[in-house]
Amino acid sequence: MPETTTDTAGLPVVVIGAGPVGLAAAAHLLERGLTPLVLEAGPRVGAAIRDWGHTRLFSPWRYNIDDAAARLLETEGWTAPDPEALPTGAELVEHYLQPLAAILAGRVRTGARVVAVSRVGMDKTRTGNRESTPFLVRLQHTDGAVEDVQASAVIDASGTWSRPNPLGMAGLPAPGEAEAVTAGRVTAPLPDVTGRDRDRFAGRHVLVVGAGHSAANTLLELGALAEQEPGTRISWAVRSAGVTRVYGGEDRDELAARGALGTRLRHLVESGVIQVHTSFTITGFTANDDGLTVRATTPAGEQQLTADLLVPATGFRPDLGMLAELRLDLDPAVDAPKRLGPLIDPEFHSCGSVAPHGEKLLAHPEAGFYIVGMKSYGRAPTFLMATGYEQVRSIAAALAGDRAAADDVRLVLPETGVCSTDLGGSCDLPAPRSADNSTEEQGCCAPAVAQEPADACCSGPQMVTIGAAPVSVRSSCC
């Protein structure tokens with residue numbers, strides 16, 4: 001147990017999570033003369049990405065490498081990968097995260113799961129001298145030992161990979177869902193269908209649930225498996241009335257691989273290889289030795305679908321339990337920082353690229369604490385890894401006292417060639433609601449180079465790394 005102090009001078013900035021955004025935060029902090037300490041729950045850096053390492057991103061390397069991290073790597077003779085090449089998750093770890101962690105060396109601790117964050121000697125009800133009191137970060141080691149670490153500031157980049165959304169309606173697990181998982185009938189997200197998990201899927205009837213690019217990737221792998229194993233059957237269930245938005249911009253997309261993904265998926269659906277079930281809201285599961293029965297409501301009434309395996313691709317949500325003793329200001333709809341929430345809420349977000357945003361929009365009443373990366377987007381599915389890099393650049397500048405640099409937030413994103421929302425809408429939807437729930441006069445499309453605090457800009461879905469997995473996101477198409 002470290003000696004208690006009320007002076008934050010000399011204390012590290014604790015970064016929770018050693019994924020792309022967490023390690024980028026450490027690089028920016030170092031450039032600013034600050035001391036980072038990265039705490040990673042997994043046994044190695046990029047632990048979550050390793051779970052889907054077989055998946056190839058369709059965003060090239062140039063969108064996946066942080067500038068400060070690259071500068072740090074180059075001091076050790078690192079050569080950047082081909083900027084136009086498409087890495088797999090495993091390659092992202094091997095050629096970028098592992099070398100970066102090696103340079104950071106003693107500043108990264110693995111097998112250190114953060115279980116709580118508070119202030120030294122005070123809970124969230126105490127106000128006096130709160131801002132000048134160090135943070136207390138409680139972590140648990142793999143052997144069960146508990147350690148308290150003091151910090152001058154805390155950046156939570158722990159992601160959301162460990163908390164997939166439930167499959168049932170109303171944001172709740174469906175009756176029988178937990179039992180289906182325990183029985184092995186519901187897999188983890190993004191299984192390696194044509195690789196290490198091949199025997200589990202070959203010749204089986206597989207149901208994929210979800211309408212993002214994680215679902216699309218799994219469906220394409222299943223389609224490839226079905227060509228080699230004719231007994232393999234594929235069903236795809238979504239809550240929406242159609243699946244065309246998942247196809248994206250196809251040949252209009254600036255990222256060719258992303259456009260090709262949509263085209264390939266459309267061909268599998270149109271050829272009948274994939275059987276689609278739309279307006280399919282799951283209400284229950286029954287798992288037994290013969291398979292999994294999925295019950296759902298549809299416009300035609302109650303239906304049942306029987307499959308051998310179900311692959312969930314319904315997105316993720318943040319774990320906020322470890323932050324219970326901090327004073328947070330979260331959007332009530334999406335669990336993002338309150339000022340950011342209205343810009344990313346899929347119910348109001350007008351098919352646009354979320355404006356680049358930094359320390360101001362990410363700040364909480366708990367001075368010196370920030371949630372970044374995919375976790376900063378809460379339940380919203382619109383996060384870009386490059387957006388996370390700009391978040392931590394701005395925060396590092398603010399912590400170093402450089403307000404001008406913190407507020408100068410910019411980002412350029414590739415065009416998708418299509419405008420759509422998670423709800424299957426278009427640019428005719430209302431403009432995004434502002435922080436006070438009013439709507440802005442600004443239209444859907446804004447310049448491709450946005451600057452805080454501009455609002456949304458016209459876009460369609462794409463997939464990039466989120467520090468956890470490739471998911472459906474937005475980028476400029478104006």
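As a basis for the values below, the full set of heavy atoms in this structure was taken, side chains included, without hydrogen atoms, waters or symmetry mates.
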Quiz item: Given Lys338 and Asp331, is the salt bridge (charged side-chain N to carboxylate O under 4.0 Å, His left out) satisfied, shown in steps?
Solution: CA-CA 4 Å; Lys338 190 171 184 178; Asp331 180 85; over 6 Å; no

Donor-acceptor pair, distance only, cut-off 3.5 Å: does the side chain of [X] make one with the backbone of [Y]?
X      : Y      : result
Asp192 : Gly195 : yes
Lys375 : Asp319 : yes
Glu76  : Leu73  : no
Glu390 : Arg410 : yes
Glu325 : Ala116 : no
Ser394 : Ala406 : yes
Trp236 : Gly210 : yes
Glu147 : Leu139 : no
Thr88  : Glu91  : yes
Arg339 : Ala363 : no

Quiz prompt | Steps toward side chain to side chain contact (heavy atoms under 4.5 Å, CB included) verdict (Thr263, Leu265) | solution = CA-CA 5 Å; Thr263 300; Leu265 181 60; over 6 Å; no

Do [X] and [Y] have side chains that approach each other closer than 4.5 Å (heavy atoms only, starting at C-beta)?
X      : Y      : result
Leu23  : Leu97  : yes
Leu100 : Val45  : no
Leu172 : Pro166 : no
Arg266 : Val243 : no
Pro164 : Thr314 : no
Gln150 : Val137 : no
Leu222 : Val208 : yes
Ser376 : Gln391 : yes

Exercise. Run the numbers on Val154 and Tyr370 for side chain to side chain contact (heavy atoms under 4.5 Å, CB included), then give the verdict.
Key: CA-CA 6 Å; Val154 176; Tyr370 303 94; over 6 Å; no

Quiz item: Just checking, Arg119 and Phe135: is the charged tip under 6.0 Å from the six-membered ring centre and within 45° of the axis?
Solution: yes

Atom [atom1] of [X]: over 12 foreign heavy atoms under 6.0 Å:
X      : atom1 : answer
Arg403 : CZ    : yes
Asn129 : CG    : no
Gln98  : CD    : yes

Salt bridge check: are [X] and [Y] linked by an N-O gap of less than 4.0 Å?
X      : Y      : result
Arg50  : Glu94  : no
Glu40  : Arg113 : no
Arg379 : Asp335 : yes

Quiz item: Where do Lys124 and Glu366 land on the salt bridge (charged side-chain N to carboxylate O under 4.0 Å, His left out) test, with the steps shown first?
Solution: CA-CA 9 Å; Lys124 71 189 299 181; Glu366 197 71 69; over 6 Å; no

Quiz prompt | Check against salt bridge (charged side-chain N to carboxylate O under 4.0 Å, His left out), Glu74 and Arg71 | solution = CA-CA 5 Å; Glu74 287 164 359; Arg71 289 189 290 269; over 6 Å; no

Quiz item: Under 6.0 Å between ring centres, would you say that holds for His357 and Tyr377?
Solution: yes

Quiz item: Can you tell me how far OG of Ser118 sits from CZ of Arg138, rounded to the nearest 0.5 angstrom?
Solution: 9.0 Å

Quiz item: Between the side chains of His28 and Asp66, does any donor sit under 3.5 Å from an acceptor?
Solution: yes

Quiz prompt | Parallel, tilted or perpendicular: rings of Tyr96 and Tyr389 (30°, 60°) | solution = perpendicular

Practice problem: Take the angle between the ring planes of Trp61 and His95 and call it parallel below 30°, perpendicular above 60°, tilted in between. | Solution: perpendicular

Quiz item: Between Met122 and Thr133, is a side chain to side chain contact (heavy atoms under 4.5 Å, CB included) present by the stated rule, with each step listed?
Solution: CA-CA 9 Å; Met122 58 175 60; Thr133 301; 3.8 Å; yes

